[in-house]
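Everything below concerns the one structure shown next.
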Protein chains: 2
Amino acid sequence: MLEPAAASLEPTTAQLADYAPSGRFDALPADMETLFMGLRMQRRQVKARQYLFRTGQPRHALFLIHAGSFKTCVLSEDGREKITGFRMRGDLLGIDALDIPSYACDAIALDYGEVWELPTAQMRLQFPEFQERLTAELAREIRRDWSWMLALGTLTAEQRVISFLLDLAQRLQERGFSARDLVLRMTRAELGNFLALQLETVTRALSHLHAQGLIGVACREIRIDDPVALRGRLACDA
Amino acid sequence: MLEPAAASLEPTTAQLADYAPSGRFDALPADMETLFMGLRMQRRQVKARQYLFRTGQPRHALFLIHAGSFKTCVLSEDGREKITGFRMRGDLLGIDALDIPSYACDAIALDYGEVWELPTAQMRLQFPEFQERLTAELAREIRRDWSWMLALGTLTAEQRVISFLLDLAQRLQERGFSARDLVLRMTRAELGNFLALQLETVTRALSHLHAQGLIGVACREIRIDDPVALRGRLACDA
DNA sequence: CGTTGGCTTGATACGCCTCAATGCTAGTGG
DNA sequence: CCACTAGCATTGAGGCGTATCAAGCCAACG
């Protein structure tokens, strides 16, 4: 367990709030849940490590994450794997295959998960704005992807890890959790895969930031001690 | 000038056709032009190096590329730049900002360019399937991005260059050009930026492939001599 | 109590970056 | 016509950052 953060530096969340690799593009996160609250929907629970769907399976529905965390990944024919994102409550799974009959990625629960199954055909009829919501969600995903492409292409290993932590902190905060105390739902290997790093490099980056007093590290639990300093390290010439 | 390819290895285009970083996901490319043929549309021409639009500008329209090549790029606050894609005839520019009032990237002509301006509001009324076409285009872009994220995260410098060449060859072929003789519309620096490599590394990779007789290189003109061997190099353990 | 999976740390190797020099081509102006 | 310049491509030498390999630690679990 990590002891709670020293209350020395208070105004850190404000700094965090306007940061994210995707921050400069995005409008506020959509609240799909309230939109569909009245609708009777199929719910589905998945256990840790379980596949929600796999690449190539017939796509019969979209899924709205209600609880838990998921990763989505793509595979090449020769076995190379790449995690394309870590998804959490409010995110939609499966939209990347909206125009084709089968899923285009794997969706795997990191811990446990509960999803709501959206029957797309029915929704289109019932909610005229549904299709527009989908385009919005897709466009947002593109901008997120571009931001990460920018980060992976231009930042060092340590900066990538910082980017990830700050991005995660912001997403947690948007969902009502602390932006300071994070619990990573993925292994070091998965994190490294997403950031295009080896797991040892991720560990070393975290250890280094810890040694400098910027974060607290206890395995999956991360405490962000100095968001301002972290943000400062993201500049090109730092 | 490059002399034409030796006619020794004939059946290469078939191999090429089913390859692309995005190949395993995508359906055939959309023919937007014929769809909108009857419509009276604003056309716009841009010269080399000219911006079609910039990040943050009010988004009043989408653009369909009719001729020429464009690059789209994103910038971070501290000046880091990343080219998110090279676009050509039939591609849509601006869709990544469909849900927000201003453009989310820069679009810059590489040589010259002619685009058709699509008034989105009008199109939605006139073509009921237009919104669905947009979602399809967005989903395809996401899958393309994921494929490149996979490539950049798991391939060596030389493999990335090969991937790019094969992808470009396929896109040219889809548009009725030769899949064997390519003309790069971008500088080595731009190519390196897209592939997360330095321009010298791109040059070295091209020179190396040339020295092995797999391609012909004369500055911007590339001839693909041995697509099969190139494809073979993309395997994980090659 | 052994086994397994995940995390950390160190030593070494290698691929790509960085810096520097050169060549080439096109455009410009004397 | 020929300097002169600017932009782009190529090539080499050396250094750095991350990958790779190896070992040890710890908690969870059968």
Side-chain angles (χ1 to χ4, degrees), chain A residues 1-2 47-49 71 80-83 108 110-111 151-165 182-212 215-222 233 236-238, chain B residues 1-2 47-49 71 80 83 108 110-111 151-165 182-212 215-222 233 236-238:
Chain A
M1 273 298 278
L2 282 171
K47 293 194 286 275
R49 309 274 94 194
K71 66 173 177 181
R80 289 172 293 117
E81 184 182 350
K82 169 78 181 182
I83 296 174
I108 304 165
L110 291 178
D111 29 35
L152 302 192
T154 57
L155 297 181
T156 66
E158 192 169 300
Q159 289 174 316
R160 294 182 211 179
V161 172
I162 294 174
S163 282
F164 177 83
L165 293 178
L182 324 175
V183 178
L184 305 182
R185 301 298 178 185
M186 70 293 297
T187 69
R188 298 287 190 266
E190 288 167 329
L191 192 39
N193 181 295
F194 178 67
L195 296 176
L197 298 171
Q198 293 305 110
L199 69 93
E200 296 95 328
T201 307
V202 175
T203 286
R204 273 186 255 267
L206 290 173
S207 299
H208 188 225
L209 294 173
H210 175 56
Q212 297 178 301
I215 64 174
V217 178
C219 210
R220 303 284 181 95
E221 300 177 54
I222 308 282
R233 301 248 171 148
C236 198
D237 44 22
Chain B
M1 272 299 279
L2 282 170
K47 293 194 285 277
R49 309 272 94 195
K71 66 174 178 181
R80 289 174 291 116
I83 295 174
I108 303 165
L110 291 179
D111 28 37
L152 302 193
T154 58
L155 297 180
T156 66
E158 192 169 299
Q159 290 174 316
R160 293 182 211 180
V161 171
I162 294 174
S163 283
F164 178 83
L165 293 178
L182 323 176
V183 178
L184 305 182
R185 301 299 179 183
M186 69 293 297
T187 68
R188 299 287 190 268
E190 288 167 330
L191 191 39
N193 180 296
F194 178 66
L195 296 176
L197 298 171
Q198 293 307 111
L199 67 96
E200 296 95 329
T201 307
V202 174
T203 287
R204 273 185 256 267
L206 290 172
S207 299
H208 188 226
L209 295 173
H210 176 55
Q212 295 178 304
I215 64 174
V217 179
C219 209
R220 301 284 182 95
E221 298 177 55
I222 308 282
R233 302 248 169 146
C236 198
D237 43 23

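Source: prediction; values computed, not measured. Each chain gets a letter, A, B and so on, in the order the sequences are listed, and its residues count up from 1. Quick note: numbers below take in every heavy atom, side chains included, and nothing from hydrogens, waters or symmetry partners.
In plain terms, the two heavy atoms of Leu110(B) and Arg185(B) that are nearest each other are CB-O, 3.6 Å.
Ranking dC8(D), dC7(C), dA19(D) by closeness to the Thr187(A) side chain, first place goes to dC7(C). Of all nucleotides listed (dC16(C), dA19(D), dC7(C)), dC16(C) comes nearest to the side chain of Ala157(B).
Atom CG of Leu191(A) and atom CD1 of Ile83(A) lie 8.5 Å apart (nearest 0.5 Å). Residue Arg233(B) holds its CZ atom at 4.0 Å from CD of Gln212(B), rounded to the nearest 0.5 Å. One finds the CE atom of Met186(A) at 8.0 Å from the CZ atom of Arg220(A) (value rounded to the nearest 0.5 Å).
Residue Glu221(A) contributes atom CD, which lies 18 Å from atom P of dC26(D) at whole-angstrom precision. Following rounding to the nearest Å, Arg185(A) (CZ) and dG6(C) (P) show an atom-to-atom distance of 16 Å. Glu190(B) has its CD atom 14 Å from the P atom of dG7(D), to the nearest Å. Distance, Leu155(A) CG to dT18(D) P: 10 Å, rounded to whole Å. Following rounding to the nearest Å, Gln198(B) (CD) and dG14(D) (P) show an atom-to-atom distance of 20 Å. The distance between atom CG of Leu191(A) and atom P of dG5(C), rounded to the nearest whole Å, is 21 Å. Rounded to whole angstrom, the span from the CG atom of Leu195(A) across to the P atom of dG17(D) amounts to 18 Å. When the C1' atom of dT20(D) is taken as reference, atom CZ of Arg188(A) falls 19 Å away, rounded to whole Å.
A salt bridge links Arg49(A) to Glu190(A): at least one charged side-chain nitrogen sits closer than 4.0 Å to a carboxylate oxygen.
Using a 4.5 Å cut-off on side-chain heavy atoms (C-beta onward), Leu197(B) and Val161(B) make contact. Counting heavy atoms from C-beta outward, Leu182(A) and Leu165(A) have side chains that approach closer than 4.5 Å.
Among the protein residues, Arg220(A) comes within range of the sugar-phosphate backbone only, with heavy atoms under 4.0 Å from sugar or phosphate atoms but none that close to a base.
Of the residues in residues 199-212 of chain B, those with a non-hydrogen atom less than 4.0 angstrom from any atom of DNA chain C are Glu200(B), Thr201(B), Arg204(B).
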